[in-house]
Every structure is written in C-alpha cells, then in structure tokens.
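For reference, the structure is listed below as structure tokens.
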Amino acid sequence: MNIVVCIKQVPASSNVKVDPVTGVLIRDGIASKMNPYDLFALEAALSLREKAGGKVHVITMGPLPARQVLMEAIYMGADDGILISDRKFGGADVLATAYTLSSAIRSLETPEEPVDLILCGKQTTDGDTAQVGAEMAEYLDLPQYSNISSLTLSEENPKALSVVSTLGSDILSASIDLPCVLCTDQEINTPRLPSYLRKQASDPRMNELIRVLTLADFKDSDPAHYGLNGSATAVERIFPPDKNDEHVFLQGDPRESAQKLLDLLKARKIL
Ligand SMILES: Cc1cc2nc3c(=O)[nH]c(=O)nc-3n(C[C@H](O)[C@H](O)[C@H](O)COP(=O)(O)OP(=O)(O)OC[C@H]3O[C@@H](n4cnc5c(N)ncnc54)[C@H](O)[C@@H]3O)c2cc1C
C-alpha cells in the first residue's frame with residue numbers, strides 16, 4: 001500500500017506572539033515540533049504498512065526548517081519525506097494549503113505507483129481549523145472520513161479499509177474504498193517512539209530521503225492557484241485574547257447560574 005501522511009510543523013509553545021502590523025505569527029526564535037495529532041496518523045500508516053506492505057511517505061508544506069519534522073517521521077519509520085517549500089506558497093489560507101498538498105500528491109503520483117491512502121491528523125494545534133483533510137479529499141475527488149478511531153484492512157475486500165469514526169456519542173462503522181483520505185483521532189493508537197538506531201544512522205544518508213518540491217515541480221504550476229493569490233480568505237485582524245486571572249464562581253440553582261453566566265457574557269460583549 002502506498003500511503004502519504006500529511007504532517008505539519010507547529011510552534012512548540014502556546015506563547016507565540018503575533019506581528020501587530022501584518023497579523024502573521026512571529027515564528028523566529030520559537031521552537032517547533034510535529035503537530036501532535038499527526039503522530040497518530042503516522043503511527044496508523046506504519047502499522048498498516050507492517051500488515052499490508054508498501055511505503056509510507058510523509059509530506060509537509062512549510063519553510064525549509066520544516067524538514068526537521070520529516071526527519072522525525074523518518075526516525076519513527078517513514079520511508080521518505082517530501083518538503084513543499086516555495087515563497088510562492090507563502091500566505092496560503094486553508095483552501096490554498098489543501099490545494100497545494102493535493103497538487104503535490106498528484107504531481108508525485110505515477111501510473112506504476114498511485115497513492116492508495118492519504119492520512120491526516122484530526123487538526124493542528126496552531127491553525128486548528130480541522131479542514132485541510134476534507135478539503136484535500138474534495139480537490140482529489142476521493143472519499144473521506146474524519147475522526148477515525150479505528151482503522152483495519154478489510155477482510156472482505158483487499159481494495160477497502162474498515163474504519164470507525166467517533167463523533168461524540170455517535171459511532172460510525174464503515175468500509176471505505178481505496179484510494180481515500182482519512183483524518184485520524186487520538187484514540188486510534190499510541191504512537192511509537194523514534195528509533196535511536198535510525199537516528200544514529202542519520203546524516204548524510206537520512207537527509208537524502210527528503211526531497212524538496214517547489215512550484216516548478218508541480219503539474220499545475222500556475223502561481224494564481226497558490227499562496228496569497230490562491231487564497232479565498234484574508235485575515236483582517238489576528239489578536240491574542242487578553243489574559244487575566246479573574247475567576248467567577250456561579251453556585252446554586254442551575255437555571256439561575258445559567259442566566260447569570262449569560263448576563264456576564266453579554267456584559268463583556270462576548271455574546
Ligand atoms: C488568510 C490566511 C492567511 C494565512 N497566512 C498564513 C501565513 O502567512 N503563514 C502561515 O504559516 N500560516 C498562514 N495561515 C494559516 C495556514 O493557512 C494554516 O495553518 C493552514 O491552512 C493549515 O490549516 P490548519 O493549521 O488549520 O490545519 P488543520 O485543518 O487543522 O489540519 C488538519 C491536518 O491537515 C494536515 N496539514 C495541515 N497543514 C499542513 C501542512 N502545512 N503540511 C502538511 N500537512 C498539513 C495535517 O495532517 C493536520 O493534522 C493563514 C491562514 C489564513 C486563513
């Protein structure tokens with residue numbers, strides 16, 4: 001099975017400042033890590049490969065330092081990594097990000113090695129929209145499920161997977177045909193640790209497992225479809241919410257407490 005796992009580099013701290021003029025996150029000097037939810041998608045891919053054979057490719061769109069999360073995935077067991085990096089992709093909103101990832105996957109596919117499965121995490125800890133996976137499925141015209149809490153090879157059909165999607169108290173059990181896009185939840189597994197031996201065997205051989213793609217490598221290389229140009233939305237203002245240590249305890253009759261809460265939120269113009 002040819003599996004692509006989408007992973008994103010996110011700030012390792014929640015204390016990230018926003019440029020007051022441009023509204024863009026100030027990432028300089030902030031440590032980064034793999035989006036924690038993507039670890040579950042990667043583990044699901046590695047477990048599937050153990051049963052079905054094939055390859056696990058990790059892909060990320062980001063600046064050159066995002067190579068670090070690809071290396072981390074390779075230390076965990078991924079076969080290789082693809083870094084999508086080009087200034088022309090800068091300022092991408094969610095739609096443009098999903099289009100760029102989809103376009104990269106289409107550009108990498110060959111008739112001999114089509115992609116069978118695309119795995120995404122549930123959401124990121126910075127953008128946090130949980131939209132990229134579903135939007136990729138639309139662009140790629142593939143079936144998709146979110147909140148996957150169980151993923152196994154189908155016993156009846158070698159070209160399908162059995163999945164369980166947990167949405168609060170609703171549990172959906174289904175069979176989904178390959179190729180497809182699945183967004184995993186954290187209940188699905190316990191991610192393995194990176195291999196110390198693989199880390200030891202690192203540079204320079206491991207570095208060769210990462211390929212950098214720029215817009216020129218894409219089948220659709222029209223710059224109008226990417227970055228700011230390809231974005232349907234524009235940020236008017238980004239601001240961190242004011243922090244304070246004030247606490248209000250509401251006790252007593254639940255109805256009265258609910259009304260007090262509503263009044264408080266209205267008074268503070270939150271509602
Ligand atoms: C108008 C606008 C402008 C923006 N400008 C910038 C900007 O200039 N710079 C900037 O850094 N961000 C920018 N962003 C944020 C950026 O577009 C989002 O981070 C991106 O769209 C991914 O969305 P998300 O983080 O909400 O992912 P989610 O939808 O929450 O992620 C779901 C899953 O999709 C996959 N995924 C998501 N993003 C990536 C990725 N990049 N590579 C690989 N897999 C991925 C992962 O598997 C992840 O678990 C902008 C957003 C908007 C709306």
Side-chain angles (χ1 to χ4, degrees), residues 3-11 14 16-19 21-28 30 32-45 56-70 72-73 78 81-105 108 115 117-140 142 144-148 151 181-186 188 191 210-213 225-239:
I3 309 172
V4 173
V5 186
C6 300
I7 59 177
K8 184 182 179 190
Q9 189 179 48
V10 296
S14 57
V16 181
K17 303 259 180 316
V18 175
D19 185 316
V21 180
T22 61
V24 169
L25 294 183
I26 304 169
R27 293 172 193 260
D28 296 347
I30 298 284
S32 300
K33 62 175 182 180
M34 189 189 305
N35 175 41
Y37 291 108
D38 300 344
L39 287 165
F40 301 97
L42 180 55
E43 176 60 41
V56 173
H57 314 278
V58 282
I59 187 166
T60 193
M61 167 176 145
L64 291 175
R67 162 187 281 270
Q68 184 199 324
V69 291
L70 296 176
E72 217 176 297
I82 299 117
L83 172 59
I84 310 168
S85 203
D86 193 315
R87 283 196 169 275
K88 298 191 181 83
F89 300 140
D93 70 356
V94 183
L95 272 173
T97 300
Y99 185 75
T100 310
L101 290 167
S102 313
S103 188
I105 290 170
L108 289 165
V115 171
L117 173 63
I118 298 163
L119 286 170
C120 288
K122 170 186 173 166
Q123 66 197 75
T124 62
T125 52
D126 60 351
D128 205 5
T129 64
Q131 291 174 7
V132 167
E135 289 177 3
M136 281 176 71
E138 278 300 305
Y139 283 127
L140 294 165
L142 293 177
Q144 184 261 347
Y145 278 121
S146 292
N147 297 79
I148 298 297
L151 168 58
V181 181
L182 297 173
C183 304
T184 55
D185 212 337
Q186 73 254 43
I188 191 168
I210 294 179
R211 189 172 151 196
V212 181
L213 285 193
H225 297 157
Y226 301 92
L228 268 181
N229 294 333
S231 296
T233 56
V235 176
E236 279 183 5
R237 189 162 81 99
I238 297 182
F239 57 95

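Indexing begins at 1, ligand by ligand and atom by atom, following the structure's order.
Atom numbering of ligand 1 starts at 1 in the shown order; those under 4.0 Å from a heavy atom of A130 are 28 (P), 29 (O), 30 (O). Each of the following atoms of ligand 1 lies closer than 4.0 Å to a heavy atom of T233: 1 (C), 53 (C). Against a heavy-atom cut-off of under 4.0 Å, G127 is close to the following atoms of ligand 1: 24 (P), 25 (O), 26 (O). Taking a cut-off of under 4.0 Å to the non-hydrogen atoms of V94, the atoms of ligand 1 that pass are 17 (O), 21 (O).
The only member of I118, I3, V5, I82 that meets side-chain contact (heavy atoms from CB on, under 4.5 Å) when paired with H57 is I82.
Distances from ligand 1 to the non-hydrogen atoms of G91 include at least one value under 4.0 Å. Ligand 1 has no atom lying under 4.0 Å from any heavy atom of S231. Under the 4.0 angstrom criterion for non-hydrogen atoms, G90 is not in contact with ligand 1.
Residues V132 and C183 fail the side-chain proximity criterion, which asks for heavy atoms closer than 4.5 Å. Side-chain contact check for T233 versus L95: every heavy-atom pair is 4.5 Å or farther apart. Using a 4.5 Å heavy-atom cutoff, the side chains of V69 and S32 are not in contact.
At under 3.5 Å, a nitrogen or oxygen of A92, whether backbone or side chain, sits near a nitrogen or oxygen of ligand 1. The shortest N or O to N or O distance between A234 and ligand 1 is not under 3.5 Å. Not one N or O of C120 is nearer than 3.5 Å to an N or O of ligand 1, by distance alone. Checked against a 3.5 angstrom limit, the closest N/O atoms of Y37 and ligand 1 fall outside it.
Ring pair Y99/H225 is perpendicular by interplanar angle, where above 60° counts as perpendicular and below 30° as parallel.
Nearest residue to atom 24 (P) of ligand 1 from T184, D38, T124 is T124 (criterion: closest heavy atom). Proximity annotation for atom 45 (C) of ligand 1: of L101, I59, T129, L101 comes nearest, heavy atoms only. Heavy-atom proximity to atom 42 (N) of ligand 1, evaluated over K8, Q123, M61, K122, is greatest for M61. Taking only non-hydrogen atoms, the option from T125, I82, D93 nearest to atom 51 (C) of ligand 1 is D93. With atom 34 (O) of ligand 1 as the reference point, the heavy atom nearest to it among D128, V132, D126 is part of V132.
The CD atom of Q68 sits 12.0 Å away from the NZ atom of K33 when rounded to the nearest 0.5 Å. If you take CD on Q186 and CG on N147, they are separated by 9.5 Å, rounding to the nearest 0.5 Å.
Under 4.0 Å from ligand 1, the heavy atoms of T97 that appear belong solely to its side chain. Within the 4.0 Å heavy-atom criterion, the part of I7 lying near ligand 1 is the backbone and not the side chain.
The nearest pair of heavy atoms linking D126 to Q9 is OD2-O, 4.4 Å. Minimum interatomic distance between L70 and G81 (heavy atoms only, all atoms of both residues): CD1-C, 4.2 Å.
K88 NZ: 12 or fewer foreign heavy atoms inside a 6.0 Å radius.
With D38 contributing its side chain and K8 its backbone, the two residues share a donor-acceptor pair below 3.5 Å.
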